[in-house]
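It should be emphasised that the depicted structure is a prediction, and the values quoted were computed from it without experimental measurement. In what follows, every chain begins at residue 1, and chains take the letters A, B, ... in the order their sequences are listed.
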Amino acid sequence: MLLIPCPHCGPREEREFRCGGESHVARPASAEAPDDRAFAEYLYVRSNAKGVQAERWHHLYGCRRWFNLLRDTVTHEITAVYPMGAPRPESAA
Amino acid sequence: MTRYSLLSLARHALTGHRRWAPAWRDAAPKPAYDVVIVGGGGHGLATAHYLASRYGVTNVAVLEKGWIGGGNTARNTTIVRSNYLLDDSAFLYEHSLKLWEGLTAELDFNVMFSQRGVVSLAHSAHELTALRQRDRAMRLNGIDSEMLDLPALHRLAPALDLSPTARFPVTGASIQRRGGIARHDAVAWGFARAADRRGVDIVQNCAVTGLRIEKGRVTGVETTRGPIRAGKVGIAVAGHSGVLAAMAGLRLPIRSYTLQAFVSEPLKPVLDTVIVSNQVSCYVSQSDKGELVFGAARDNYASYSQRGSLPILEDCVANMLQLFPAFSRVGVLRGWGGTVDVSPDLSPIIAPLPVEGLFLNGGWGTGGFKATPGSGDVFAATIARGEPHPLAAPFGLDRFATGRLIDEAAAAGVSH
């Protein structure tokens with residue numbers, strides 16, 4: 001069971017949250033001239049890191065706000081919490 | 001190596017069964033092979049077996065970072081079926097089911113494949129319509145399927161709660177009678193023994209740490225037991241597909257999650273078929289030892305930990321009790337988590353990668369066990385010929401750019 005530090009509500013149990021997948025996945029800029037490869041990359045391809053990964057989380061059964069986490073996908077250790085739109089902080093690991 | 005037979009059993013009985021030879025050699029890696037398969041699970045071992053037995057490639061090594069069959073091969077609920085809606089998946093999984101039907105004889109190893117039927121439940125008029133559609137699609141593809149009404153379902157599984165007061169009342173069901181379960185360890189051991197007999201080296205405790213690539217062509221692997229040269233390299237590492245691809249500088253349309261399964265204490269026979277409910281999210285069968293083997297949806301976030309989260313256990317048990325209230329006093333004996341590599345359309349990727357000589361067999365997500373022999377066969381053909389086996393051709397990497405996805409809702413068995 002993860003204890004997730006919601007920046008607005010404090011630490012709450014995993015059940016209250018939904019993981020929204022990897023953060024910082026940018027939509028291709030050229031929407032007028034769509035490039036299938038670029039859009040496939042945007043839609044489907046992920047780094048799927050074994051180790052520290054930046055993720056969006058949603059406090060669905062709480063404040064219902066989104067935020068970013070740096071979480072280790074092997075140990076489940078959470079090393080940083082930062083707001084949506086902010087750049088990925090330097091990983092401690 | 002001697003064949004297993006009544007005669008060999010009788011002969012070894014005379015010496016108190018103390019002189020059985022190991023079923024496969026514990027090989028040390030040689031400096032070079034024609035083909036190196038990364039991953040000694042069911043899929044990797046099956047690939048090696050079929051490379052040697054069907055496609056004439058015997059200078060093969062299977063590299064396993066731990067012990068064979070110690071990953072997802074031993075971390076699943078062993079359900080085998082081919083009840084798929086879409087043609088591409090139906091043909092692939094039916095190919096596998098046909099191989100399952102002859103596997104014990106082919107491998108000379110009892111994989112305990114028990115065709116006790118796989119039942120899919122519907123809990124609403126709409127779900128029943130979808131089941132009927134899948135039933136008809138399967139029969140058009142020459143795959144066995146039947147619809148079951150509630151009295152027939154009650155005769156088949158008396159412990160199942162069919163009352164109209166259930167939380168999600170059952171409205172109907174379909175059954176694939178050729179589906180069933182198998183002994184997961186025996187599948188790994190049987191393929192290992194059969195491959196070993198044809199000269200394949202099975203190298204355990206040998207983790208691949210890098211891929212050697214020269215001028216766009218793979219030339220070998222770096223391992224914890226030294227470098228090994230290889231003409232071709234096949235990746236069959238389930239949850240770690242992305243990690244291996246990254247060694248070649250590639251990114252995949254794959255996310256790795258934990259999928260858990262659980263086993264209860266042994267009971268007297270109470271359930272002699274496999275029950276799957278998509279709506280309630282549960283699949284359960286009873287093993288030959290009497291344990292209930294059950295599972296539900298995958299965990300909600302990416303993980304390589306091989307440890308599951310407790311809320312999933314709670315959901316999984318609650319879901320099973322909605323279907324089988326009589327199981328409420330049964331103790332859960334153990335649970336396990338495997339790392340599964342989930343693709344966006346829940347269908348596998350069996351394809352050459354954009355590095356010459358490098359092949360991927362992954363993305364099986366939460367339902368790879370049933371495909372073990374079929375996956376091994378088509379992957380072996382793909383590696384041997386350097387181009388996709390006809391059954392594997394639709395499962396290429398390019399489908400994510402062309403949009404020709406194989407969006408198979410039946411792939412997961414339950415909604416994920």
Side-chain angles (χ1 to χ4, degrees), chain A residues 1-6 12-26 28 30 33-62 66-79 81 91 93, chain B residues 65 207 209 237-247 249-258 297-315 318 337 339-347 349 354 362-363 365 396-405 407:
Chain A
M1 174 81 79
L2 299 185
L3 196 61
I4 296 171
C6 173
R12 298 293 185 91
E13 66 167 84
E14 168 187 332
R15 277 238 186 234
E16 297 184 11
F17 297 85
R18 273 198 27 205
C19 181
E22 285 177 35
S23 305
H24 315 300
V25 179
S30 58
D35 167 4
D36 289 351
R37 296 270 153 206
F39 263 91
E41 181 92 6
Y42 162 66
L43 288 170
Y44 302 124
V45 177
R46 296 292 180 269
S47 0
N48 199 29
K50 183 177 184 177
V52 177
Q53 172 161 291
E55 297 174 334
R56 300 172 301 174
W57 282 75
H58 185 203
H59 196 179
L60 183 65
Y61 303 108
W66 287 85
F67 56 94
N68 285 307
L69 281 186
L70 283 188
R71 186 179 64 90
D72 190 303
T73 56
V74 180
T75 63
H76 292 173
E77 188 188 2
I78 295 165
T79 46
V81 186
S91 167
Chain B
K65 72 175 173 181
T209 53
V237 294
H240 282 72
S241 296
V243 176
L244 264 290
M247 292 176 189
L250 302 169
R251 278 155 47 94
L252 296 176
I254 274 181
R255 282 149 243 199
S256 296
Y257 297 98
T258 300
R298 63 165 169 78
D299 283 22
N300 292 319
Y301 42 85
S303 174
Y304 287 88
S305 66
Q306 292 192 322
R307 277 182 295 138
S309 71
L310 284 172
I312 295 288
L313 167 60
E314 198 176 357
D315 288 348
T339 306
V340 297
D341 52 344
V342 179
S343 70
D345 57 0
L346 301 179
S347 289
I349 299 165
L397 261 180
D398 57 343
R399 71 180 191 262
F400 300 101
T402 62
R404 194 193 178 284
L405 300 180
D407 200 355

Original post:
Under a 4.5 Å heavy-atom cut-off, does chain B meet the side chain of A:E13, its backbone, both or neither?
Top reply: neither
Original post:
Hey, are B:D315 and A:R15 close enough for a salt bridge, meaning a charged N less than 4.0 Å from a carboxylate O?
Top reply: yes
Original post:
In terms of heavy-atom pairs under 4.5 Å, which option from B:P311, B:G242, B:S305 contacts chain A the most?
Top reply: B:P311
Original post:
Tell me, side chain or backbone of B:L405 under 4.5 Å from chain A's heavy atoms, or both, or neither?
Top reply: side chain
Original post:
Are B:R404 and B:D398 ion-paired here, with the side-chain N under 4.0 Å from a carboxylate O?
Top reply: no
**OP:** Using a strict 4.0 Å threshold on nitrogen-to-oxygen distance, state whether A:R46 and A:E41 make a salt bridge.
**Re:** no
Original post:
What part of A:A49 is in contact with chain B, defined as an atom under 4.5 angstrom from a non-hydrogen atom: side chain, backbone, both or neither?
Top reply: backbone
**OP:** Return the orientation label for the A:F17 and A:H59 ring planes: parallel under 30°, perpendicular over 60°, tilted otherwise.
**Re:** parallel
Original post:
Relative to chain B, which segment of A:R71 carries a heavy atom at a distance below 4.5 Å: side chain, backbone, both, or neither?
Top reply: side chain
**OP:** For residues A:F67 and A:H58, establish whether the separation of their ring centroids is below 6.0 Å.
**Re:** no
Original post:
Between B:L252, B:L310, B:N300, B:V243, which shows the greatest number of heavy-atom pairs under 4.5 Å with chain A?
Top reply: B:L252
